[in-house]
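Structure first, then comments.
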Amino acid sequence: MKSDSVKSGMQQAPHRSLFHALGFTEEEMRRPLIGIVSSYNEIVPGHMNLDKIAEAVKTGVSMAGGTPVVFPAIAVCDGIAMGHIGMKYSLATRDLIADSTECMAIAHAFDALVMIPNCDKNVPGLLMAAARVNIPAIFVSGGPMLAGKADGKRTSLSSMFEAVGAYAAGKKTEEQVKEYERKACPTCGSCSGMYTANSMNCLTEALGMGLGGNGTVPAVYSERIRLAKQAGSKIMELLDKNICPRDIMTEAAFHNALAVDMALGCSTNSMLHLPAIANEAGVRLSTETANEISAKTPNLCHLAPAGPAYMEDLNGAGGVYAVMKELTKKDLLNTELITCTGKTLGENIADAENKNPDVIRPAESPYSETGGIAVLRGNLAPDTCVVKRSAVVEEMMEHTGPARVFDSEEDAVQAITSGRIQAGDVVVIRYEGPVGGPGMREMLNPTSAIAGMGLGSCVALITDGRFSGASRGASIGHVCPEAAVGGNIALVREGDRIHINIPENTIDFAVSDEELEKRRAEWKPREPKVKTGYLSRYAHMVSAANKGAILDGGASCS
């Protein structure tokens, strides 16, 4: 056991004295040492129940013969961080989480890890750490919250943001917005739509790193506690069989995850996180691969904000396993891969059943024959950009309009809410990428304002920043190269005609090569927005969005 290096032999007597100081018995020291990485805190609604999940995991580990030891991971609430400087820190925490978990796991010689994440950057950060440390590991999330109900409708966080846009447009009263405030997010858990947190928790199942139900069993269900106990017990089996994350997270497993991503209509943030996790596992995952898989994978689910269903509905319909079972009808998954259950993917989903074809469309009658995410390329984004195709209305699948250019999210929001954006416009928000932001802020405020003001079917938004999974409409992000490193998005001018063709995977603006070169010669780099602290270091180290915004010391696209 790895932990013998801190527990066994005369040279380790000082180490054992410290374990005695922790209250460990001789029996506990003889057992495998299982690190439980808990993201519990009191500021993130998706994490306020993780103390209970951690206790259940500890019970499972102890029942199976291990010694559980809890240590923390940080987590930012993207909803609370949204729309101010806090959002610059959200993506950047992914690497802090991975780095700190690596430090704790190796410094204390844990034999295996149980990861307890729930929200946004916490899930990919811990998956990155699992791949990097590569000792037996399993994931159990805190689970999604239940949908709310306001104004006679089921609601989620995106409903709340859009209500603010509707208020700005004079379509809702202050009292109606207050009703949404009180009722949109009614329980603990990750927000109830197919946003980033739930996307990544579902994809953890698809990768084979979480038990069935990890992504969908609601946070308030007792089933979630049982699942946590099962995960705690299962880690001991993985340790006994020496099944490690890189045995599970192979290239084929990432291709499976991309197929499930396309079928579910996950957040575009998955196009940042899957490549970053793959990089830690020694797998190269390109945006071209995503488009190849999207081209042959049907979109089977329209969960909020793309449609009327919520995570509790997906859970009731059979969850991620039922979606994967549908994909096997078209031979779109490799079912021979080993998973954290100790069994193959095929064995895991053998008894899965689609219990509600209104929530999970059968593979024979999908919402579309192609996946929920599309990667676009053109002279506006020579190195690609990303759109959640499943959340775009049909009339915006192809759109041409004049550019309305803003150099920050705040300027764009002010223009939208003051009525300066008209039907047909293409809002361009730049200098918000990984380097330029820094930190690649999510743009839920402007997309929600557009939707809330009734412009979602006639206005597009393009940015080198990114979008919350709660965003809907023709919201195109991750434009690469970004403005801060001289990408063509920095050369767009007010009124330039932009043409978006999502079915053809293209995005261009009507400017000649000669004019582009003239503008490029006139362009000058901007002063960094942040010059001190962690964000300054991050901006100097972060790579391009199409490489997963990993910290590799290079900011230019390749």
Side-chain angles (χ1 to χ4, degrees), residues 44-46 76-88 90 119-120 144-151 153-187 189-199 267-269 303-308 310-311 388 391-393 406 408-419 421 427 429 432 440-457 459-461 463 465-477:
V44 185
V76 163
C77 178
D78 277 24
I80 295 174
M82 195 72 65
H84 61 97
I85 192 173
M87 181 46 69
K88 294 178 184 289
S90 173
C119 292
D120 290 25
M145 70 170 63
L146 298 177
K149 190 170 184 180
D151 198 22
K153 303 171 185 175
R154 296 172 82 198
T155 59
S156 60
L157 184 64
S158 55
S159 311
M160 182 70 253
F161 275 87
E162 290 180 17
V164 174
Y167 173 78
K171 297 181 178 181
K172 285 192 185 299
T173 65
E174 183 176 353
E175 188 54 43
Q176 286 175 312
V177 174
K178 284 184 177 178
E179 182 188 6
Y180 275 77
E181 273 185 55
R182 294 188 295 267
K183 299 179 179 178
C185 300
T187 72
S190 48
C191 297
S192 56
M194 187 52 78
Y195 310 152
T196 304
N198 293 325
S199 294
S267 164
T268 51
N269 280 317
L303 295 151
Y310 292 83
M311 294 305 297
K388 187 172 181 176
V392 180
V393 295
F406 304 94
S408 73
E409 176 188 1
E410 288 83 358
D411 289 347
V413 170
Q414 201 281 327
I416 295 164
T417 56
S418 64
I421 301 303
V427 176
I429 306 177
E432 292 285 9
M440 203 179 183
R441 286 195 288 180
E442 287 186 342
M443 301 288 162
L444 182 55
N445 274 343
T447 60
S448 297
I450 288 170
M453 297 186 76
L455 297 172
S457 62
V459 168
L461 193 154
T463 181
R466 60 194 178 92
F467 295 108
S468 163
S471 292
R472 62 187 176 97
S475 303
I476 300 166

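Note: hydrogens, waters and symmetry copies are ignored here, and every other heavy atom, side chains too, is used.
Here CZ of Phe467 is found 9.5 Å from CE of Met440. Values are rounded to the nearest 0.5 Å. Of the inter-residue distances, the one linking Leu461 atom CG with Thr447 atom OG1 reads 7.0 Å to the nearest 0.5 angstrom. Separation of atoms CG (Leu303) and CG (Asn198) is listed at 9.0 Å; rounding is to 0.5 Å. Interatomic distance, CG of Asp78 versus SG of Cys191, reported as 9.0 Å (0.5 Å rounding).
Taking the side chain to side chain contact (heavy atoms under 4.5 Å, CB included) definition, one finds that Ala147 meets it with Arg154, Ser192, Tyr310, Glu312, sequence neighbours left out. Residues meeting the salt bridge (Lys or Arg N to Asp or Glu O under 4.0 Å) test with Lys172, sequence neighbours left out: Asp151. The side chain to side chain donor-acceptor pair (under 3.5 Å) search around Asp120 returns none, not counting sequence neighbours. Applying the salt bridge (Lys or Arg N to Asp or Glu O under 4.0 Å) criterion to Glu181, with sequence neighbours excluded, gives no partner residue. Residues satisfying the side chain to side chain contact (heavy atoms under 4.5 Å, CB included) criterion with Val413, sequence neighbours excluded, are Glu409, Thr417, Asn445, Pro446.
The heavy-atom pair separating Met194 from Ser199 by the smallest distance is SD-OG, 3.5 Å. Closest of all the heavy-atom pairs between Glu432 and Ser408 is OE2-CA, 3.6 Å. In plain terms, the two heavy atoms of Ala449 and Ile416 that are nearest each other are CB-CG2, 3.7 Å. In terms of heavy-atom proximity, Lys171 sits nearest to Gly452 at CD-O, 4.0 Å. The two atoms that bring Asn269 and Ser468 nearest to each other are ND2-CA, 4.3 Å, heavy atoms only. Minimum heavy-atom separation, Phe161 to Ser448: CB-OG, 3.2 Å.
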| request: Decide yes or no on salt bridge (charged side-chain N to carboxylate O under 4.0 Å, His left out) for Arg182 and Glu175, but give the supporting numbers first. | output: CA-CA 11 Å; Arg182 294 188 295 267; Glu175 188 54 43; 3.5 Å; yes
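At least one donor-acceptor pair closer than 3.5 Å links the side chain of Thr463 to the backbone N or O of Ile429. Between the side chain of Arg441 and the backbone N or O of Met87, no donor-acceptor pair lies under 3.5 Å.
A 4.5 Å side-chain heavy-atom check between Met160 and Val177 finds at least one atom pair inside the cut-off. Contact of the Cys119 side chain with the Cys77 side chain is not registered, since no non-hydrogen atoms from C-beta on lie closer than 4.5 Å. Counting heavy atoms from C-beta on, the side chains of Glu442 and Thr196 come closer than 4.5 Å. You'll find the side chain of Ser471 stays beyond 4.5 Å of the side chain of Lys388, heavy atoms only.
The list of side-chain hydrogen bond (donor to acceptor under 3.5 Å, both in side chains) pairs with a residue in residues 155-166, not counting sequence neighbours, reads Ser156-Ser158, Ser156-Tyr195, Ser158-Tyr195, Glu162-Arg472.
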